[in-house]
Every structure is written in structure tokens, then in C-alpha cells.
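In what follows, residues are counted from 1 in the order of the sequence shown. We use all heavy atoms of the structure for the numbers below, so side chains are in, but hydrogens, waters and symmetry mates are not. The model shown is predicted, which means the values in this text are computed figures rather than measured ones.
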Amino acid sequence: MSKLGAGIAITGIGSAAPKAILTNDHLSQIVETSDEWISSRTGMKKRHIASNTESLSQISAQAAQKALSMAGITSADLDLIILATSTPDDLFGSACQVQNLIGATKAVAFDLTAACSGFIFALITASQFIRTGVYQNVLIIGADVLSRWVDWSDRNTCVLFGDGAGAVVCQGIEQGDRLLAFEMYSDGSQNDRLNLTYQGESKSLVDNIEVNAGTYQPITMNGREVYRFAVAKVPEVIEKAMFRANITSEQIDWLLLHQANQRIMDAVAQRLKLPKEKVISNVSEYGNTSAASIPLALDEAVRLGKVKPGDIIAASGFGAGLTWGSAIFKWG
Ligand code: ACO
């Protein structure tokens, strides 16, 4: 148990992705598209795709082990695990499977669904448990295998998504809270922009009682509307969080956005008057990995030595719901 009102530090990070790599050229064999179209519209070159022997729980556990190792704690030290995902192995949730895989016997574990905002929402949720002194060591995982839910004959969506997992360890500290501010929003009136909906057919059980028997349907998306939403709302939510943190954009060392599209990242950076060099991006290598994309990109930047202890990061997730949010934090 940490002290009431404790601050938060992110002390470890890790990521994992399935082995198989699907290139733009591969995609041009599946649908009518080209490397040129995909690269110029999205910045994507490759994405990792999970096979039927690679589960969401497994890649989440791999990312988690790396984050624990960097933090210098063991899974037995964990109090709480939050798994942000829209694609659990089991609709009842996959966090407990991850808990079991890593042997975090003391930790309570649950899933959190907020699509591509999931990691930011989970980080903010975790911070509440730490700040109130309830938990000391929390593992936050963002992971998705959207390849399971893509319509591989729909070129509007199938070129965009990839699979992966990223994890961070957050710990309570007595002084110097590293989470400087956050903001979160939802707008269900725009829910039809991006969906992975359940559809079923009426099936009679007994007289006058029917059930809706079916399954989830592949992703549908209004790309132009999602693009417009992201470019309008993401700079706004980051500015609001910066205001709460009492910092200016000059003080931001890194812009860390959900890796949906390089053009969205460039447009947001431009609106915030941040130079391209401050934008963390690995969308070319992984595509859009939904809840995984932010920790996956941050892990790479930390391990490359780009992001250093004390650097101020403005992070933002956005996506289905619609949902969007921002967290401003100091690394390390
Ligand atoms: N290859 C070739 N042509 C294509 C492809 C493709 N893969 N996909 C679409 N096209 C065609 C369209 O059919 C259209 O043709 P038409 O003019 O004959 O109708 C043309 O290209 C232009 O389509 P647009 O939708 O206008 O293309 P746009 O420049 O908007 O780029 C894109 C599309 C990349 C999807 C863009 O709108 C975008 O990035 N939107 C945001 C998507 C996003 O971020 N989604 C995820 C966020 S939330 C989450 O992560 C879950």
C-alpha cells in the first residue's frame, strides 16, 4: 500500500509483436492497392500479424515481462493489471490470462475497452488507484490483434491495421508526480464512424422468446470522418492537458500520438507548432495497432535512447467510441 496522495512514476516499458510481417506489396496481392498509395496516404510500410498460435494474452505477457524487468520488480510485486484491448482472446476478458501467464498471483486484473484510446484511458485509470494510495505497483498493457477482425477484402480498412502489445509499469512515489495532467472525452453520437459490431439473427427458443444469435462483424470505418475528427480534437485535447499541466508547447520534448496515420501525426504536430523531430513514430513498421500503438512506439524510442529520463511527453489516444484523451507525463 502506498501513501495516500502518492505521485506516479513510469518505471518500466516493454513491447512485443507477432513474428509474421505483412508488407504493402503483400497487400497489393490481396486487394487493389499499391505500396505508393498506402505509403503516401498513411506512412505505413509493414504491419505484424498474429498467427493462430500467437494469442493476445501471450504477446501481452511478453511485453509485460520486459516492462517488469526494466522497472526492476517481479510479477509478484504487482497489485493491479489493466489490459486495454478491444480484441481479447475471450470476450469475458483476457487480463486474468495475462496475470496467470506472468505469475502475478497477488494482482487483481481486468480489461478496459476504449479502442485506440485504451492505453491512455488505462494509464489514467491506474493513476487514480496509485494516487489514492490503494495500489503501489500497477501494470498497464495496451494490446490488440485487429487482424482477427479486419475484412481482408476491404481495401479501405485492411491496409491500416496490425497487431502488437505494449506495457508499462507505474509505481507510486512519495514526491514528484510524473503524471502532470490528463483529459478524456467521449462522443457516442459519432459512434457509427468506426465499428466492430455484433450482428445476429433472431432464433426462436420457445414460444414468444427469441435470442439474437450471431457474432461480431469485421471493422467498418468512415476514414475521412475519422481523419477530420482526429485532426480537430487531438490538438485541442493536448492543449487542454497542457493548460492543466501549466506548460507551453515549447516545454514538450516529445509528441506521442496513437499511431493511426503519419498524416494525422504531422497535422497535429503542425497545429501544436511542434517540429517533426519531436514526433515519435513507428507507424511505418507496425501500422495501426490500436491500444498497443502508444506504448509500442514509446518503448522503441526509450530503448533507442531518444527519450531520456525527465523528458516531457504529450501523449494522445483517439479512436472508436468515439473516444479521445491526452496524458502529459515525464518519462522515468
Ligand atoms: N488502395 C488504393 N485506393 C484506396 C485504398 C487503398 N488501400 N483505400 C481507399 N482507396 C481509394 C478510395 O476508394 C477512394 O477512391 P474513389 O475516390 O475512387 O472513391 C480514394 O482511394 C480516396 O479515398 P479517401 O478515403 O478519400 O482517402 P484518404 O486520403 O482519406 O485516405 C485513409 C484514407 C488513409 C483511411 C484516411 O482517411 C485516414 O487515415 N483516416 C483516418 C483513419 C484512422 O485513423 N483510423 C483509425 C483511427 S481509430 C482506430 O485506430 C481504431
Next item on the list: May I ask you to decide if Leu22's main-chain N or O and Arg47's side chain share a donor-acceptor pair within less than 3.5 Å?
Entry: yes
Margin query: If you define the side chain from C-beta out and look only at heavy atoms, does anything of Asn156 sit under 4.5 Å from Met221?
Written below: no
Item checked: Between Asn261 and Thr42: side-chain donor-acceptor atoms closer than 3.5 Å -> no
Margin query: Tell me if the NZ atom of Lys273 is crowded by more than 12 foreign heavy atoms within 6.0 Å.
Written below: no
Check: When you look at Phe229 and Trp324, which way does the ring pair (Phe, Tyr, Trp, His ring centres under 6.0 Å) test go after all the steps?
Finding: CA-CA 10 Å; Phe229 145 74; Trp324 64 106; 5.4 Å; yes
Notebook entry, point to check: When rounded to the nearest 0.5 angstrom, what is the spacing between CZ in Arg148 and CG in Leu196?
Noted result: 12.0 Å
Margin query: I'd like to know if Glu183 and Lys240 make a salt bridge, using a cut-off of under 4.0 Å between side-chain N and carboxylate O.
Written below: no
Next item on the list: Quick one: pull up OG in Ser34 and CG in Asn24 and give me the separation to the nearest 0.5 Å.
Entry: 8.5 Å
Check: Is the number of heavy atoms from other residues, nucleotides or ligands within 6.0 Å of CZ (Arg244) greater than 12?
Finding: no
Item checked: Verdict with supporting geometry, Asp89 and Ser57, side chain to side chain donor-acceptor pair (under 3.5 Å) -> CA-CA 7 Å; Asp89 295 322; Ser57 309; 2.5 Å; yes
Next item on the list: Quick one: closest heavy-atom pair of Gln259 and Asn282, and the distance?
Entry: OE1-N, 2.8 Å
Next item on the list: Could you pull out the closest heavy-atom pair between Val237 and Ser316, with the gap in Å?
Entry: CG1-OG, 3.8 Å
Note to self: Around atom CG of Asn212, are there more than 12 heavy atoms from other residues, nucleotides or ligands closer than 6.0 Å?
What the structure shows: yes
Note to self: Just verifying a value: how many Å separate Leu255 CG and Ile280 CD1, rounded to the nearest 0.5 Å?
What the structure shows: 8.0 Å
Check: Looking at Lys45 and Asp35, does any basic side-chain N land under 4.0 Å from a carboxylate oxygen?
Finding: yes
Margin query: Can you tell me if Glu210 has over 12 outside heavy atoms packed within less than 6.0 Å of its CD?
Written below: yes
Note to self: Tell me whether the count of non-hydrogen atoms from other residues, nucleotides or ligands lying under 6.0 Å of OH in Tyr198 goes above 12.
What the structure shows: yes
Notebook entry, point to check: Are more than 12 heavy atoms from other residues, nucleotides or ligands located less than 6.0 Å from atom NZ of Lys66?
Noted result: yes
Check: Is atom NZ of Lys276 surrounded by more than 12 heavy atoms (other residues, nucleotides or ligands) closer than 6.0 Å?
Finding: no
Notebook entry, point to check: Considering all heavy atoms of both residues, which atom of Gln251 and which atom of Ile312 are nearest to each other, and what is their separation?
Noted result: O-CB, 3.7 Å
Margin query: I want to check something: taking the side chain as every heavy atom from C-beta on, are Val231 and Arg271 in contact at a cut-off of under 4.5 Å?
Written below: yes
Note to self: Using 30° and 60° as the class boundaries, would you call the ring planes of Tyr286 and His48 parallel, tilted or perpendicular?
What the structure shows: parallel
Check: Between Gly93 and Asp111, what is the shortest heavy-atom contact and its length?
Finding: CA-OD2, 3.2 Å
Checklist line | Exercise: identify the closest heavy-atom pair between Lys278 and Leu274 | finding: CD-CD2, 4.1 Å
Checklist line | Expected output: side-chain Gln97 to main-chain Ser94 donor-acceptor under 3.5 Å | finding: no
Note to self: Testing Asp253, Ile328, Val307, Ile294 one by one against Ile313 for a side-chain contact (heavy atoms from CB on, under 4.5 Å), which residue passes?
What the structure shows: Val307
Item checked: Any donor-acceptor pair under 3.5 Å from Gln99 side chain to Ala104 backbone -> yes
Check: Atom CG of Leu179 and atom CZ of Phe329: how far apart are they, to the nearest 0.5 Å?
Finding: 8.5 Å
Note to self: In the structure I gave you, are the side-chain heavy atoms of Asn222 and Leu194 within less than 4.5 Å of one another anywhere?
What the structure shows: no
Next item on the list: Provide the closest heavy-atom pair for Ala64 versus Leu139 in the form atom of the first, atom of the second, distance.
Entry: CB-CD2, 3.6 Å
Margin query: Regarding Asp79 and Lys106, does a basic nitrogen lie under 4.0 Å from an acidic carboxylate oxygen?
Written below: yes
Notebook entry, point to check: Out of curiosity, Leu298 CG to Phe119 CZ, how far, rounded to the nearest 0.5 Å?
Noted result: 7.5 Å
Next item on the list: First locate atom CG of Leu296, then atom OG of Ser290, and finally report the distance between them rounded to the nearest 0.5 Å.
Entry: 12.0 Å
